[in-house]
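Below you'll find the structure, written out as structure tokens, and then a few comments.
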Amino acid sequence: MGTKAIDPQSIRNVTIIGEPAGATRLTHRLRRCFGDPENTVRWSTDGVEHTIRVTAPSNEALIADLERCIRVAHGLVVVVNAAAPSTPRLETMLRVADDHQVARLCLVTGLDRPTADFDRCVRTIADTRGAAPLALQVPAGTGGDFDGVIDLISAAVLGAAGNHRASAERWHRALVETLTESDPAVSDFLTVPDLHNRIRRRTRNGDIVPILCDAPRASDDIAALLDAVVRYLPSPMYVCQPEHVLDY
């Protein structure tokens with residue numbers, strides 16, 4: 001039986017960087033959930049099967065090696081710990097990714113820790129020149145009150161946000177305003193697919209950094225992250241354009 005051909009447009013080559021313990025834990029979770037020692041994930045989103053290939057540099061990698069790893073990456077998942085202060089190493093990673101306009105997502109972890117501060121994570125990304133942070137999810141509480149994750153893409157979900165509804169609606173308005181700043185008249189007419197398309201285009205152009213929240217530790221659910229990787233990060237066909245040739 002022949003090998004099944006894979007459409008290059010359905011491939012996502014992703015490099016996981018960021019807070020060392022969190023990046024390592026995420027890589028191990030992917031291996032454990034999908035049982036693939038080669039770090040290849042088969043994932044179906046919106047009815048289309050995709051192949052996600054995951055790599056991660058060593059936690060002891062020198063800054064120069066880390067910079068090259070980021071520079072040649074097709075797409076990044078940056079792990080940011082909400083319970084720990086920002087570090088020069090993390091700030092360097094964000095700056096290099098921005099300098100080379102590498103498409104990236106941020107996954108905020110540690111939201112169940114007593115010192116968790118989601119807003120600080122957003123500010124850390126905002127303080128990096130260039131791409132603007134765009135929260136696609138926000139936590140329902142933090143620390144001991146962390147009760148899950150609120151999806152901002154679907155306005156219908158906001159009605160179930162309970163005591164966090166006012167905050168979630170504020171974040172949702174900020175999301176829509178960011179995505180429609182050049183054409184605010186359409187803000188009331190955007191469908192969920194419209195939002196996905198706008199996020200994808202601006203992420204791949206290096207204009208925004210979508211932010212997601214890690215699920216409660218007991219859940220170990222990474223479906224939302226994989227959906228975001230597939231929807232917003234580029235395929236090799238998009239990355240390997242003439243303007244990128246000098247990066248390799």
Side-chain angles (χ1 to χ4, degrees), residues 4 6-19 21-57 69-70 73-82 97 102-112 118 121 125 133-140 148-154 157 175 192-193 195-204 208-239:
K4 180 182 178 182
I6 299 176
D7 179 1
Q9 295 283 10
S10 71
I11 296 173
R12 300 293 183 271
N13 295 323
V14 179
T15 301
I16 299 175
I17 61 172
E19 191 267 323
T24 299
R25 188 158 49 247
L26 177 58
T27 304
H28 289 169
R29 285 167 65 187
L30 289 167
R31 286 178 178 172
R32 184 171 65 252
C33 289
F34 297 96
D36 192 328
E38 300 301 320
N39 292 341
T40 299
V41 177
R42 305 282 191 269
W43 187 253
S44 182
T45 297
D46 301 328
V48 178
E49 183 174 294
H50 292 77
T51 299
I52 303 174
R53 297 169 179 163
V54 179
T55 61
C69 178
I70 294 171
H74 289 182
L76 300 170
V77 173
V78 185
V79 180
V80 181
N81 187 346
V102 182
R104 56 209 180 274
L105 310 172
C106 278
L107 179 68
V108 179
T109 64
L111 290 163
D112 58 342
F118 178 76
C121 295
I125 299 164
L134 184 72
L136 307 187
Q137 298 176 330
V138 292
V149 175
I150 301 170
D151 177 14
L152 300 175
I153 296 294
S154 174
V157 174
L175 180 150
V192 169
L195 292 173
H196 287 321
N197 288 336
R198 287 172 180 254
I199 295 167
R200 175 169 55 250
R201 183 172 63 251
R202 297 194 63 184
T203 300
R204 293 179 180 183
I208 61 171
V209 181
I211 300 175
L212 297 100
C213 298
D214 201 10
R217 192 170 303 187
S219 167
D220 207 26
D221 183 9
I222 53 175
L225 173 63
L226 295 176
D227 284 342
V229 165
V230 165
R231 285 178 176 140
Y232 309 134
L233 295 184
S235 73
M237 298 296 289
Y238 182 91
V239 174

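Numbering starts at 1 and runs along the sequence shown.
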### Query
From Ile17 CD1 over to Leu26 CG, what is the distance, rounded to the nearest 0.5 angstrom?
12.0 Å
### Query
Does a salt bridge link Asp214 with Arg25, judged by any charged N lying under 4.0 Å from a carboxylate O?
no
### Message
I need the Leu233 CG to Leu105 CG distance, nearest 0.5 Å.
### Response
4.0 Å
### Query
What is the minimum heavy-atom distance between Asp221 and Ala215, and which atoms define it?
O-CB, 3.7 Å
### Message
Nearest 0.5 angstrom please: Ile11 CD1 to Thr40 OG1, how far?
### Response
9.5 Å
### Closest approach of Thr203 to Pro210 (non-hydrogen atoms, all atoms of both residues)
OG1-CG, 3.2 Å
### Summary
The side chain to side chain contact (heavy atoms under 4.5 Å, CB included) partner of Leu152 among Leu134, Val138, Leu136 is Val138
#### Entry: Heavy-atom side-chain proximity of Arg12 to His74 below 4.5 angstrom
no
#### Entry: pair Leu175-Ile153: side-chain heavy atoms closer than 4.5 Å
yes
### Task
Find the distance between CG (Leu212) and CD (Gln137) and round it off to the nearest 0.5 Å.
4.5 Å
### Interatomic distance, Leu225 atom CG to Leu30 atom CG [nearest 0.5 angstrom]
7.0 Å
### Query
For Pro236 and Pro8, which heavy atoms make the closest approach, and how far apart are they?
CD-O, 3.6 Å
## Note on the structure
Nearest heavy-atom approach of Ala135 to Phe118 is CB-CZ, 4.3 Å
### Query
Checking side-chain hydrogen bond (donor to acceptor under 3.5 Å, both in side chains) against Tyr232, which of Arg204, His196, Arg200 comes through?
His196
### Distance (rounded to the nearest 0.5 Å) between His50 NE2 and Arg231 CZ
10.0 Å
### Query
Is there side-chain contact between Val77 and Val229, with at least one heavy-atom pair below 4.5 Å?
yes
### Summary
Between Thr15 and the options Val54, Leu76, Val78, the side chain to side chain contact (heavy atoms under 4.5 Å, CB included) test singles out Leu76
### Summary
Nearest heavy-atom approach of Ala82 to Leu111 is CB-CD2, 3.8 Å
#### Entry: Candidate pair Arg53 and Asn39, rule side-chain hydrogen bond (donor to acceptor under 3.5 Å, both in side chains), full reasoning
CA-CA 6 Å; Arg53 297 169 179 163; Asn39 292 341; over 6 Å; no
### Message
Within the structure provided, determine whether Ile125 and Cys106 are in side-chain contact (heavy-atom separation under 4.5 Å).
### Response
yes
